[in-house]
Structures are given as structure tokens and as C-alpha cells.
Amino acid sequence: KVILKELQNDFVKDIPVHVDFYQITDAPIVMEIPVKLNGLAEGVRAGGKLALNVRKLKVKAPYTAFPDTLNIDVTSLGLGKSLKVAELSFEGLEIITSKEVVVCAVRMTRAARAAAETTEE
């Protein structure tokens with residue numbers, strides 16, 4: 001039994017050139033798992049734009065504990081706020097990616113900036 005680690009394709013013919021596998025053992029392994037953002041952020045409702053900065057996170061766990069995606073709820077993320085790796089936790093997984101990495105952020109758009117300036121005046 002093995003898990004696919006990496007697949008390299010010929011960019012012209014689109015056929016596999018090289019494949020790497022992890023052998024399944026009881027020891028924990030390190031893999032990159034895709035990130036999926038769930039929900040509508042408060043900052044987006046206020047006119048901001050949600051930006052995903054990191055598409056995958058490195059995690060360490062036994063092979064049976066790996067999910068297909070890391071689901072992150074962003075509904076409480078306000079305008080101008082960001083979500084760092086240090087604020088995340090998943091049951092049975094140890095996150096290896098640096099704690100200071102920003103996973104996603106709600107950035108202020110020109111329209112939101114203009115609306116904020118009008119309300120201030």
C-alpha cells in the first residue's frame with residue numbers, strides 16, 4: 001500500500017514522466033493538503049474582496065488521518081482582517097507550515113474605501 005506523493009507530467013505530451021510514492025507505515029508522514037474556504041466573510045459583505053494567499057498547508061499525521069481538504073470557516077473575517085496559520089487547528093493533524101503565514105485576508109476595495117470615506121464625512 002502506498003500514497004501518491006508527486007506526479008510529474010511531460011508538458012507537451014501530457015503523459016507521466018516520474019511518480020513518487022509514500023510507503024504506508026504506522027509512522028506519521030508530512031503532506032501538503034489543499035485549503036478550502038467556507039462561508040461568506042463579513043468583510044466581503046461590507047464591500048471587501050477575499051484573497052486566498054496559500055493554496056496548500058503542510059501537515060503531519062498518520063496516513064489514516066489525512067482529509068481531502070482543510071476546510072476553513074471565514075464567516076467572522078472582517079474587512080481588513082487576515083487569518084494566519086497560528087489561528088488554525090485541525091483534529092489529529094499537526095500543521096508544519098510556519099505559524100506566521102497568512103492563509104487568507106479580506107482586502108479593502110476601491111468601492112469599499114470610497115463608501116467608508118463618504119460615511120466619515
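The first residue in the sequence is number 1, and the count goes up from there. Basis for what follows: all heavy atoms, side chains included, without hydrogens, waters or symmetry-related copies.
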How close do T25 and Y63 get, counting heavy atoms only, and between which atoms?
O-CD2, 3.7 Å
Counting C-beta onward and ignoring hydrogens, is there a side-chain heavy-atom pair between I72 and F90 closer than 4.5 Å?
yes
In the structure I gave you, are the side-chain heavy atoms of T97 and V54 within less than 4.5 Å of one another anywhere?
no
Scanning both residues in full, the closest heavy-atom pair of K84 with K99 reads CB-O, 3.9 Å
Is V74 linked to L40 within one hydrophobic cluster, defined over Ile, Leu, Val, Met, Phe, Trp and Tyr using a side-chain heavy-atom separation of less than 4.5 Å?
yes
Crowded around D10 CG? As in, over 12 foreign heavy atoms under 6.0 Å?
yes
Taking side-chain contact (heavy atoms from CB on, under 4.5 Å) as the definition, give me every residue that meets it alongside K49, ordered by chain and number, with sequence neighbours left out.
T109
Measuring only between side-chain heavy atoms, which start at C-beta, is L88 closer than 4.5 Å to L57?
yes
d(M108 CE, K81 NZ) to nearest 0.5 Å is 10.5 Å
Hey, quick one: are V59 and V30 part of the same hydrophobic cluster, counting side-chain heavy atoms closer than 4.5 Å, chains of contacts allowed?
no
As an exercise, state the distance from NZ of K58 to CD1 of I96, rounded to the nearest 0.5 Å.
8.5 Å
More than 12 heavy atoms from other groups under 6.0 Å of CD on E32
yes
If you compare all heavy atoms of V106 against all heavy atoms of A41, which two are closest, and at what distance to 0.1 Å?
CG2-CB, 4.0 Å
Side chains of M31 and I3: closer than 4.5 Å at any heavy-atom pair?
yes
Same cluster or not: I95 versus L52, using hydrophobic residues (I, L, V, M, F, W, Y) connected whenever any side-chain heavy atoms lie under 4.5 Å apart?
yes
Flag if over 12 foreign heavy atoms under 6.0 Å of CD, E91
no
Between the NZ atom in K56 and the CD1 atom in I33, the distance rounded to the nearest 0.5 Å is 9.0 Å
I need the minimum non-hydrogen distance between A61 and G92, along with the two atoms involved.
CB-O, 3.5 Å
Which atom names give the shortest non-hydrogen contact between C104 and L77, and what distance separates them?
SG-CD2, 3.9 Å
Would you sort out whether V103 and V85 count as a side chain to side chain contact (heavy atoms under 4.5 Å, CB included), showing the intermediate values?
CA-CA 6 Å; V103 177; V85 173; 3.7 Å; yes
Is the count of non-hydrogen atoms from other residues, nucleotides or ligands lying under 6.0 Å from D26 atom CG greater than 12?
no
Pairwise side-chain contact, L93 with L70, heavy-atom cut-off 4.5 Å (strictly under)
yes
Following the transitive rule for hydrophobic clusters with a side-chain heavy-atom cut-off under 4.5 Å over Ile, Leu, Val, Met, Phe, Trp and Tyr, establish whether V101 and V35 coincide in one cluster.
yes
Kindly give the heavy-atom pair with the smallest separation between E42 and S76, and that separation in Å.
OE2-CA, 4.0 Å
Same cluster or not: F66 versus L7, using hydrophobic residues (I, L, V, M, F, W, Y) connected whenever any side-chain heavy atoms lie under 4.5 Å apart?
no
